[in-house]
Amino acid sequence: MKKTILNLAIILSATLLISSCGNGKESGETTTSDSTKISGDIKIDGSSTVYPITEAVAEDFKASFPDVKVTVGLSGTGGGFKKFGRGEIDINDASRSIKSTEDSLCKANNIGHIELKVAFDGLAVVINPGNTWCNDITVAELKKIWEPEAQGKIKTWNQIRPEWPKEEIHLFGAGVESGTYDYFTEAIVGKSHSSRGDYTASEDDNVLVQGISTDKLALGFFGIAYFEANKDKLKVIPVDDLKDDNGKGPILPSIETVKNKTYTPLGRPLFIYVNSTAAAKKEVQTFVDFYLTNGGALSQEVGYIAMTDEEYKAEKLKFDEFVKSLAK
Amino acid sequence: MNSSKINRIKDNAFKYFGIACTVFGLAMLAIFLGNIIIEGIARIDWAFITNFPSRNPDKAGILPALVGTLWIMGLTAVIAIPLGIAAGIYLEEYGKKSKLATLLEINISNLAGVPSIIYGLLGLEIFGRIMGMGGSLLAGASTLSLLILPIIIVSTREALKAVPSSIKEASFAMGASKWQTVWHQLLPASFGGVITGIILALSRAVGETAPLIVIGALAYVPFVPASPTDEFSVLPIQIFNWISRPQKGFAINAASAIIILLMVTFIMNGIAMYLRNRWQKKVKW
């Protein structure tokens, strides 16, 4: 019995090795034959959330393809889509899907595009470590706190759960221009870009970290990387979506739970949008391929959560099909 | 208590109030500078200045942003200074006192108070899109020039006003034309005031982030801009980008970049002060 397992393991690892070698050779070949030839500019703009991943990819890409000038801006998801829709940039970093108004701008200017998932981010719901009463929260309760109707009404913790103390609740969250705000409101309130307005808003998550870490009555949300970097000053609370089919009970955000999609609805995908005219160019194809090959490891390195290998393969396939459809 | 005693007490009280206000401002500045220097000074080395941005805070550098800032400063100065001084001279010396002139005057003063992001939107539309400059250094410098023009115009006019009218009248009495009076008497005499305005204006331009982000200045630029049509990044954008990252290493980088930015501003102010002092010695009547 032991032997069979061992054999199986050897065969399995051998196949893996061969297949990975095959992959390596393939991409290796394209690198050596093309890296000297490929040149051009690739203009990227958009979400400041996705920016660190794209910056990391561009940095490594430059080492392999020094003649391709990749520039990255951070106008925000919305600001980036405005430029994308006018054909001013090749790729837009996005922390949410394209809106219909943005899509119609693209259509009006004859710009085709493809959405590619590049990584995951978890939005952590955090409180001050001095808060002893709140140990978990449900999506319904979060909705009660954040929906527009709560403005001026939901002011104390005991209004959310009667056993919590009758003390003020102080809210912190992303600024309304950010994709993070759009995503959070969509996931919690049910309608994108709609929430109460009487909370401390900042586009800079470090400001929110600062605020929550010094205020015992605070509750806020931001990307998991900001929690990880400030673990000693904050407390993250598990969120219960009240649905049992994707993980029962309150769930903490972690690499695991975001990756296997049990941390819903606050685990979110991050995207890049590629302009179809740009996608027809060799340098952009090479870059996108490079992104989907190395983006997983690099996104972990800068504080995000990689997708599974199959998911990256699927995105690559999707992009290849898209490029093929352009050639026709 | 007689009234002179009360007045003296009031006088003293105001003096101490004034001292307290001054100390408050200076103390805040000292705390800020001390904080930044403690955090950032150790990180500054040659590699920090000559490296490109990176995901690894220890390897990241500011080269493209620093060069971009120097480009922006130079181009903005070249565009804004002649325009600003010429407009100031026109409004002060040539412009007829009419309703239109008053309207212009009010508007120029108002322009100095317009939020900088509005200039960014204007620059994006006019320079970036209509004139086709895109997100180039030239578009950025033109936008910042608009932003600081009102400051230069207003300070030029103030400086011209401060020249004693006896000088002007004497010049006219000697048969000098208006242009000769402006060029040989008024401008040299007001140079100190004009250059102070220019320093203030350029220092403001160097620190701007919002309008440049709007016109499309970038955060990751893997090359050093070599001509005015190149895309660019500037130090404030690099600082803003680093300060909003979660990792502590980037916060230290931001502090170091702030020190470099302050040094750039100090050097610039130093040059201007040197010019002003030299010039003032030359002006003799």
Side-chain angles (χ1 to χ4, degrees), chain A residues 41-46 48-49 51-63 65-76 79-80 82-83 86 88-89 93 124 175 178 202-209 222-231 297-304, chain B residues 51-57 59-61 64-65 68 117 120-121 124-125 128-130 132-137 139-140 209-226 229-234 236-251 254:
Chain A
D41 295 343
I42 303 177
K43 289 185 185 175
I44 308 176
D45 207 331
S48 54
T49 306
Y51 173 85
I53 309 176
T54 304
E55 183 196 51
V57 173
E59 187 188 351
D60 278 9
F61 187 74
K62 190 193 168 197
F65 301 92
D67 293 335
V68 183
K69 280 187 188 174
V70 183
T71 55
V72 193
L74 28 80
S75 315
K82 281 196 191 102
K83 292 183 182 169
R86 287 167 158 265
E88 292 171 350
I89 54 173
D93 290 340
S178 69
S202 175
E203 307 287 344
D204 181 352
D205 292 333
N206 283 323
V207 173
L208 302 178
V209 168
F222 42 69
I224 192 170
Y226 290 86
F227 168 71
E228 292 290 333
N230 299 283
K231 265 183 177 163
L298 290 172
S299 56
Q300 300 265 45
E301 209 181 313
V302 295
Y304 294 103
Chain B
N51 276 5
F52 287 94
S54 165
R55 67 175 174 281
N56 182 343
K59 280 192 206 145
I117 196 150
L121 293 169
L124 172 68
E125 208 50 51
R129 290 185 177 146
I130 296 175
M133 294 180 192
S136 67
L137 279 164
T209 320
L212 292 179
I213 286 192
V214 171
I215 66 142
L218 302 158
Y220 177 80
V221 182
F223 55 87
V224 174
T229 52
D230 279 348
E231 295 185 284
F232 68 101
S233 183
V234 289
I237 295 181
Q238 185 69 69
I239 293 166
F240 166 74
N241 169 17
W242 275 339
I243 215 131
S244 57
R245 301 281 278 262
Q247 293 86 357
K248 177 79 182 135
F250 285 116

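A note on names: the letters A, B, ... follow the listed sequences, proteins ahead of strands, and every chain is numbered from 1. These numbers come from a predicted model, not from an experiment.
Contact annotation for A/V302: both backbone and side-chain heavy atoms come within less than 4.5 Å of a heavy atom of chain B. Only the side chain of A/N206 comes within contact range of chain B, judged by heavy atoms closer than 4.5 Å. When heavy atoms are compared at a cutoff of 4.5 Å, A/Y51 approaches chain B solely by way of its side chain, counted from C-beta outward. Only the side chain of A/L298 comes within less than 4.5 Å of a heavy atom of chain B; its backbone N, CA, C and O stay farther away.
Each of A/T71, A/I53, A/T54, A/V209 has some count of heavy-atom pairs under 4.5 Å with chain B, and the biggest count is that of A/T71. Comparing B/P246, B/S244, B/P53 by how many heavy-atom pairs each has under 4.5 Å with chain A, the most go to B/P246. Chain B forms the most heavy-atom pairs under 4.5 Å with one residue out of A/V70, A/V207, A/D205, and that residue is A/V70. Listed options A/F227, A/F222, A/Y226 were ranked by heavy-atom pairs under 4.5 angstrom with chain B; first place goes to A/Y226.
A distance-only check finds no donor-acceptor pair linking the side chain of A/E88 to the backbone of B/G134 [under 3.5 Å]. With A/E59 contributing its side chain and B/R55 its backbone, the two residues share a donor-acceptor pair below 3.5 Å.
Summarising the geometry, atom NZ belonging to A/K83 is positioned 7.5 Å from atom CZ belonging to B/R129; distances are rounded to the nearest 0.5 Å.
Side-chain contact check for B/Y220 versus A/L74: every heavy-atom pair is 4.5 Å or farther apart.
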May I have the step-by-step check of side chain to side chain contact (heavy atoms under 4.5 Å, CB included) for B/L218 and A/K43, ending in yes or no?
CA-CA 10 Å; B/L218 302 158; A/K43 289 185 185 175; over 6 Å; no
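With respect to the salt-bridge test (charged N to carboxylate O, under 4.0 angstrom), the residues A/E55 and B/R245 qualify.
Taking the ring centre of B/F52 as origin, the terminal cationic atom of A/K62 falls inside the region bounded by 6.0 Å and 45° from the ring axis.
Around the CZ atom of B/F240, the shell of radius 6.0 Å holds no more than 12 heavy atoms that belong to other residues, nucleotides or ligands.
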